[in-house]
Amino acid sequence: MATLLGLESPWTGGKRSVRNGNITAKIRHSQIVGRGFSRGTQLPEALLQERDKQAKWHSIPELLQKLHESSHPNSDLSHTHSVLKELSSLLSMEAMSFVTEDRKSAQESTFPITYTFDLFGGVDLLVEILMRPTLTMQKKKPKMNDDLVNDCLSVLYNCCICTEGVTKSLAARDYFVLFLFSLMTNKKTFLQTATLIEDILGIKKAMIQLEGIANLSGLVQSFDQQQLANFCRILSVTVSEPDVGNDDKHTLLAKNAQQKKDSSLSRAEVNQVTLLNIPGFIERLCKLATRKVSEATGASNFLQELEDWYTWLDNALVLDALMQMATEEAEHTSTESSDENSLATSPLRHRLPQSMKIVHEIMYKVEVLYVLCVLLMGSHRNQVHKMLAEFHLIPGLNNLFDKLIWRKYTLSNHVVHGQNENCDCSPEISFKIQFLRLLQSFSEHHENKYLLLNSQELNELSAISLKANIPEVEALVNTDRSLVCDGKKGLLTRLLTVMKKEPPDSSFRFWQARAVESFLRGATSYADQMFLLKRGLLENMLFGIIDSGCKSKDVLQSYFDLLGELMKFNIDAFKRFNIYVSTDNKFQTFMSQINSSLVDSNMLVRCIILSLDRFETQTEDRKVVEVLSECCLLSYLARVENRLSFLFRLVNIINVQTLTQSSCIPFSYWNETVSVLLGSDRTSLCVIASYIDEPFMDLDRDLLEC
C-alpha cells in the first residue's frame, strides 16, 4: 500500500506499535503530508480513492491532505476549519461508540477511524496547527479562531479516547502539555482544554511541575468558581504522590531506604507549595467546598434518576458542556462574571433536571475535597490547617451535612477502596468517602479537631473535665469559638448519628470509624472519650463486632482500632464494656473475633494491656478496684498465661520486612531498641535476659547451636 502511494514502506522503515494484538505501522506526519501529499508527488485521485475504499480509511488520508494544504502559515484558515469539521464528525461518532461500549461500528474496519487518523499523521498536524501562533517571530501573536481551537482539541481528545497510543504520545511532549495551559486563559476554549489536559496527565509517567506553567498565579486567579472547580480535577493528579503499584512501599524498611535516598521535596510536594503561594487559592476552594445547591422540593425517584445519568456521564467536564449551554443566555444578557450567583439566576439552568444540578455540584466537590485533603497531609499541614479554620471550612460543611453530604436515602453496597485506587463509584459514594477522608485528615493529631464541635458541645467537654476534677485539655481552652460549628449539632455529632444508622457491612462504616478514631488519636483525653461514650459509641462498636454478623475484615478492623482509642486508660469504658458483654456467649464471641484476626485487632489488644497495667497501679481508687474485680476482659488478660499467648502470637505474625506501623518513630530508634533488649547485661531491667533464669539461657544457647 505504501509503495503504491509513493511512500516509504511502513513495514520496513516506519515506527511499529501494537494495538489489540495487531502490529501496525506508525507513519510519521512528515512521511505522509511532506512527501506523499506534496505537490511534487501528487497522487492520482482515483487511485487514492480506490485504495481508501479497499482499506476502509473513510477518506481520512484525502481529508488530511486537504487539511495540510489549507493550513500553511499564510493560508485562509476558514477552509481549514471546514475540513476539520468534516474530520471531527467522523471521529466524534467513533468516540461516542467507545464511550457507550457500542463498538460494532468501530470494529467493522481493520483499524478504528481515529487510529487511521493518527497513522497518517493527523495528530501531529493538529498539534502543529494549535502551536503555530507560538512559533512566529512577530511581537503581536496571530490569534486563532476559538471554534477552530476547540475543534482541534475535540479531535485530539476523541483520538485519546479510542487510541491508547495517542494519549501516551501527547503526554510525552512536555512542551505541548505546558502550552495547553495557556489555552485555559480563554473562557471559550477552557472546557475543551481542561478535558484534554486531564486525560493526558492521567497517563503521564513523570509528574508535571506546576511552577513550569507560565503565570500560573494569574491564570488561577482569572478563573471563575466553575473553572476553578474543573481545574481541581487537573490539580488532583499533580499534588498527590504517584502510586507505583508496590505493596511493600509502606513498610518501615522501604520508608527508611527512601529517606536515605532522597531528603528533598518530591514533585508533588513542590506542587503543593506552589499552590499555597497563589493568593486566595485556599479561600476559594473552601467556598467551593461549602457552597449550597439550590434544590427543588419533591424530586421523585431521585436515586434512580441519579444512577441513570451516571451510566453515561463519566466525567464532570461532560456535565459542564450541558451547564455551559444553560449559562449562554445569561452571558448575552449580563456583563457579570459566571460565578455561582449568575448561574443561579439563569432561567435555562433551572430547566435542567434537578438531579443533574446536584450531581454536577457533587462531582466538583469531590475534586475540591480531594485537593484539600492532600494538602492537609502534606509538609505544610499547619499552614493549611490555619487557613481552613480561618475560612470556615468545617462550619460550612456542617451546614451542608443533612441537605447534601448525607441525604436520607441509602445507596447500594460497595467495597472499601484504598486511598490511591481508581474506582468507578457513583458521585454520591465518592463524595461521602472523600468527605470522611477529609475529616480524618483534619482531626488527626491536630488541636483544630475541636472545630468539629459547636459551642454547647465544647462546654460539655469542659463540664466533663470539671466533674472528673482534671484540667481541661490545652487545645480545647485555646479553641477560637468564632470558628467552630453552629447549629444544634456539631459535625462530629452529626457523623455519629448517621454512623449508628448505617448497615453493618456498609463500607461507609469503615470510613466513619476512621474519621471518629482520628478525633481520639494523640494524647488520650478522658473528656473526649466520655463525650463519645455518652452518645453510645462503645455499644455501637460492640454491636458491630459481636451481634451484627459483619464479615468485612476492613470494617471490623476499623471497629477494633476505634474501640482501642475509646477504651484506653478509661475505667468507665471498661465498666460499660462489661455491662454489654454480660453473658459468656457475648464475651466468647468478642474474644473469638479478636483471636481470629489478631493482625486487625492487635491495636485493641495492646490498648487493653496498657490500660490494665495502669489500673493495677491505681488500687487506691475504689471504682478502679471494683471494675478490675468484675470486668471479664481485664480478668482474662490479667492472667499471665493469656498475656504470654498474645505476646507469642503477636511477635510471630510480624517481621521487619512487613512492619508498617505509622508510629512517628525513626527506624534507627527501632534498631537501637532491639539492641538494648538483646543486650547481655543481666543487671539491666531493659534487657530481656534479666527476666530469664540462667538454666533456660543455657538451654536456649544449646538449641541455637544445634
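Heads up: numbering here begins at 1 and tracks the sequence.
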About how many Å separate [atom2] of [Y] and [atom1] of [X], when rounded to the nearest 0.5 Å?
| X | Y | atom1 | atom2 | result |
| --- | --- | --- | --- | --- |
| Gln440 | Cys373 | CD | SG | 7.5 Å |
| Leu372 | Arg437 | CG | CZ | 12.5 Å |
| Lys168 | Lys204 | NZ | NZ | 13.5 Å |
| Cys159 | Glu164 | SG | CD | 14.0 Å |
| Ile113 | Asp118 | CD1 | CG | 14.0 Å |
| Thr185 | Leu183 | OG1 | CG | 7.0 Å |

Tell me, do [X] and [Y] make a side-chain contact under 4.5 Å, heavy atoms counted?
| X | Y | result |
| --- | --- | --- |
| Val366 | Phe435 | no |
| His68 | Leu64 | no |
| Leu178 | Ile208 | yes |
| His380 | Leu375 | no |
| Leu130 | Phe179 | yes |
| Tyr115 | Cys162 | no |
| Gln225 | Arg291 | yes |
| Leu170 | Cys160 | yes |

Q.
Between Leu228 and Leu285, does the side-chain contact (heavy atoms from CB on, under 4.5 Å) criterion hold? Intermediate values first, please.
A. CA-CA 8 Å; Leu228 182 61; Leu285 289 193; 4.2 Å; yes
Q: For the pair Glu361 and Lys292, find out whether any cationic side-chain nitrogen is under 4.0 Å from an anionic carboxylate oxygen.
A: no
Q) Could Asp146 and Lys187 be called an ion pair, given the rule that one side-chain N must be under 4.0 Å from one carboxylate O? A) no
Donor-acceptor pair, distance only, cut-off 3.5 Å: does the side chain of [X] make one with the backbone of [Y]?
| X | Y | result |
| --- | --- | --- |
| Ser266 | Glu269 | yes |
| Thr195 | Leu191 | yes |
| Asn158 | Leu90 | no |
| Thr114 | Leu91 | no |
| Ser92 | Ser89 | yes |
| Ser169 | Gly165 | no |
| Lys365 | Phe431 | no |
| Thr80 | Ser70 | yes |

Q: Begin from the C-alpha positions of Leu126 and Leu153 and carry the test side-chain contact (heavy atoms from CB on, under 4.5 Å) through to its verdict.
A: CA-CA 8 Å; Leu126 289 188; Leu153 295 169; over 6 Å; no
**Q.** Set of residues satisfying side chain to side chain contact (heavy atoms under 4.5 Å, CB included) with respect to Val237, sequence neighbours excluded
**A.** Leu201
Quick check: closest heavy atoms across [X] and [Y], and the distance to 0.1 Å?
| X | Y | result |
| --- | --- | --- |
| Leu84 | Leu148 | CD2-CD1, 3.6 Å |
| Ser482 | His392 | O-CE1, 3.4 Å |
| Ser518 | Leu439 | OG-O, 3.9 Å |
| Ser441 | Arg381 | O-NH2, 2.8 Å |
| Ile203 | Ala171 | CG2-CB, 4.0 Å |
| Gly378 | Gln272 | CA-OE1, 3.4 Å |

Q: Kindly write out the residues that satisfy salt bridge (Lys or Arg N to Asp or Glu O under 4.0 Å) with Asp147, not counting sequence neighbours, or none if the list is empty.
A: none
(Q) So, using salt bridge (Lys or Arg N to Asp or Glu O under 4.0 Å) as the criterion, who are the partners of Lys85 when residues are at least two apart? (A) Asp151
Q: For Phe223, check ring-ring contact (aromatic ring centres under 6.0 Å, His included) against everything at least two apart and list the hits.
A: Phe190, Phe231
Q.
Which residues pass the ring-ring contact (aromatic ring centres under 6.0 Å, His included) test with His385, not counting sequence neighbours?
A. Phe442, His446
Q: Mind running side-chain contact (heavy atoms from CB on, under 4.5 Å) on Leu397 and Leu438 for me, showing each step along the way?
A: CA-CA 11 Å; Leu397 291 176; Leu438 177 72; 3.7 Å; yes
Q: Taking atom CD of Gln383 as the centre, report whether more than 12 heavy atoms of other residues, nucleotides or ligands fall under 6.0 Å from it.
A: yes
**Q.** side-chain hydrogen bond (donor to acceptor under 3.5 Å, both in side chains) involving Arg514 - partner list, sequence neighbours excluded
**A.** Glu517, Asp561
Q. Yes or no on side-chain contact (heavy atoms from CB on, under 4.5 Å) for Met131 and Tyr175, after CA distance, side-chain angles and deciding distance?
A. CA-CA 10 Å; Met131 296 194 67; Tyr175 64 91; 3.7 Å; yes
(Q) Run the salt bridge (Lys or Arg N to Asp or Glu O under 4.0 Å) test on Glu428 and Lys432 for me, step by step, so that the C-alpha distance in whole Å, both residues' side-chain angles and the decisive distance to 0.1 Å come before the verdict. (A) CA-CA 6 Å; Glu428 245 345 90; Lys432 286 187 168 86; 3.4 Å; yes
Q. Gln434 and Ser430: side-chain donor and acceptor closer than 3.5 Å?
A. no
